[in-house]
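The structure appears right after this line, and notes come after that.
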Amino acid sequence: MAKKKWSNTTAEPSAQDKPATLKDLLRPDILAGLKAQADAMKAEEQARKEAARAEAEAARKAEEKRLENDFGHLLEKSKLDWRKHK
């Protein structure tokens with residue numbers, strides 16, 4: 001004889017039984033203000049990162065331009081194989 005499989009069916013909690021979240025407790029105008037503030041902070045952070053990236057790029061280009069005029073650096077960087085240019 002085969003054993004019977006018992007299925008445990010539990011009642012799923014309805015929306016009324018769930019505990020209230022902070023989003024449910026806050027007024028919509030306060031929630032909208034908080035979302036706007038979060039968006040502003042994200043935009044500010046993005047602008048700050050972009051400014052830092054642009055500053056690093058400018059510093060890199062300035063250093064590259066300075067090294068172009070440095071004879072010692074160019075001498076170290078160049079290959080001394082004169083047979084290629086013969």
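Between E50 and R53 there is a salt bridge, with a side-chain nitrogen of the basic residue lying less than 4.0 Å from a carboxylate oxygen of the acidic one. Ionic pairing of E45 and R48 is present here: one or more N-O contacts between side-chain nitrogen and carboxylate oxygen are shorter than 4.0 angstrom. A salt bridge links R60 to E57: at least one charged side-chain nitrogen sits closer than 4.0 Å to a carboxylate oxygen.
Residue L31 comes nearest to L26 through the heavy atom pair CD1-CD1, 4.4 Å, listed as atom of the first residue, atom of the second, then distance.
Atom CD of E63 sits in a crowded spot, with more than 12 heavy atoms from other residues, nucleotides or ligands closer than 6.0 Å.
In this structure, the separation between CG on N69 and NZ on K65 is 7.0 Å, given to the nearest 0.5 Å. Rounding to the nearest 0.5 Å places CG of D70 at 11.5 Å from NZ of K77.
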